[in-house]
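Have a look at the structure below, then the notes.
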Amino acid sequence: MSQYEHTCMIRGDGGRTIRTVLDRICDKWTLLIVTTLERGRLRFTELQRQIPGISQRMLTLTLRNLERDGLVSRTVHAEVPPRVEYALTPTGESLIPPALALAGWAIEHIGEIEASRAAYGDGAG
């Protein structure tokens, strides 16, 4: 039996556990934040500057969720004004290889996907 057979029944919860984790790491901003933090600890404004298109609100919400899930750590330095830095935890760092594999797959297949979208007729999926 394949380790992925009956995936939606893992732990007998109908896949809810897996879906909650995948919902977090597969949202619009998480992988961009994680791969940006792979380069090292960053302040909020620097992180926002390096991720084009992310609003302050979405960055705040996503960082809060990543911190809650143990993928990102938040360090507040007692300075005036306070300096806050974000960094990947070991769990967050472990997300880099599968994220890069998924990005590589997307790059490898984008031509086929775009051709299929065009043939489908709407160009956007």
Side-chain angles (χ1 to χ4, degrees):
M1 176 185 297
S2 164
Q3 72 184 62
Y4 301 108
E5 194 169 330
H6 307 297
T7 301
C8 67
M9 297 310 292
I10 288 176
R11 296 191 179 169
D13 67 358
R16 283 185 296 278
T17 301
I18 292 172
R19 282 195 314 268
T20 62
V21 172
L22 292 178
D23 284 348
R24 170 70 56 239
I25 63 173
C26 295
D27 71 15
K28 185 174 181 177
W29 300 111
T30 293
L31 290 180
L32 292 174
I33 292 170
V34 168
T35 55
T36 301
L37 286 173
E38 178 190 21
R39 298 180 206 134
R41 182 175 298 276
L42 289 172
R43 294 177 76 166
F44 184 93
T45 52
E46 183 62 19
L47 189 53
Q48 185 177 18
R49 188 185 67 73
Q50 290 189 32
I51 302 173
I54 193 166
S55 68
Q56 182 175 342
R57 179 180 185 280
M58 283 311 303
L59 181 55
T60 298
L61 290 173
T62 306
L63 284 169
R64 188 176 298 145
N65 287 328
L66 290 172
E67 184 181 5
R68 185 193 73 212
D69 289 350
L71 300 174
V72 168
S73 65
R74 179 178 184 266
T75 305
V76 180
H77 298 275
E79 300 174 357
V80 177
R83 179 170 48 105
V84 179
E85 294 179 323
Y86 295 90
L88 291 178
T89 64
T91 303
E93 290 173 357
S94 74
L95 182 56
I96 298 297
L100 292 176
L102 185 57
W105 179 90
I107 290 166
E108 181 179 339
H109 295 282
I110 189 64
E112 299 161 56
I113 292 168
E114 288 176 343
S116 182
R117 286 177 179 172
Y120 190 78
D122 65 4

- Evaluate salt bridge (charged side-chain N to carboxylate O under 4.0 Å, His left out) for Glu46 paired with Arg49, printing each intermediate quantity in order. CA-CA 5 Å; Glu46 183 62 19; Arg49 188 185 67 73; 2.5 Å; yes

Could you measure the distance from the [atom1] atom of [X] to the [atom2] atom of [Y]? Nearest 0.5 Å is fine.
| X | Y | atom1 | atom2 | value |
| --- | --- | --- | --- | --- |
| Leu37 | Glu85 | CG | CD | 11.0 Å |
| Thr36 | Leu31 | OG1 | CG | 10.5 Å |
| Ser73 | Leu66 | OG | CG | 11.0 Å |

Closest approach of [X] and [Y], non-hydrogen atoms and distance?
| X | Y | result |
| --- | --- | --- |
| Glu93 | Leu88 | CG-CB, 3.8 Å |
| Leu95 | Ile25 | CD2-CG2, 3.8 Å |
| Ile51 | Ile54 | O-CG2, 3.1 Å |
| Thr89 | Gly70 | OG1-O, 2.5 Å |
| Gln56 | Gln48 | N-NE2, 3.2 Å |

- Are Val84 and Leu61 connected, step by step, through hydrophobic side chains (Ile, Leu, Val, Met, Phe, Trp, Tyr) whose heavy atoms are closer than 4.5 Å?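 Yes, one cluster joins them.
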
- Should Leu47 and Val76 be counted in the same cluster of Ile, Leu, Val, Met, Phe, Trp and Tyr side chains packed under 4.5 Å apart? yes

Looking at [Y], is its backbone amide N or carbonyl O close enough to the side chain of [X] to form a donor-acceptor pair, meaning the two atoms are under 3.5 Å apart?
| X | Y | answer |
| --- | --- | --- |
| Thr35 | Leu32 | yes |
| Ser116 | Ile113 | no |
| Thr30 | Cys26 | no |

- Go through the steps for Arg39 and Gln50 under the test side chain to side chain contact (heavy atoms under 4.5 Å, CB included), then give the verdict. CA-CA 11 Å; Arg39 298 180 206 134; Gln50 290 189 32; 2.8 Å; yes

- Message: With a 4.5 Å cut-off on side-chain heavy atoms, are Asn65 and Arg24 touching?
- Response: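 Contact flag for Arg24/Asn65 side chains = yes.
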
- For residues Phe44 and Leu63, determine if any side-chain heavy atom of one lies less than 4.5 Å from a side-chain heavy atom of the other.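 In contact.
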
- Query: What's the verdict on side chain to side chain contact (heavy atoms under 4.5 Å, CB included) for Arg64 and Glu67, showing C-alpha distance, side-chain angles and the deciding distance?
  - Reply: CA-CA 5 Å; Arg64 188 176 298 145; Glu67 184 181 5; 5.5 Å; no

- Query: When you look at CZ of Arg68, are more than 12 heavy atoms from neighbouring residues, nucleotides or ligands closer to it than 6.0 Å?
  - Reply: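 Enclosed: over 12 neighbouring heavy atoms sit under 6.0 Å from CZ of Arg68.
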
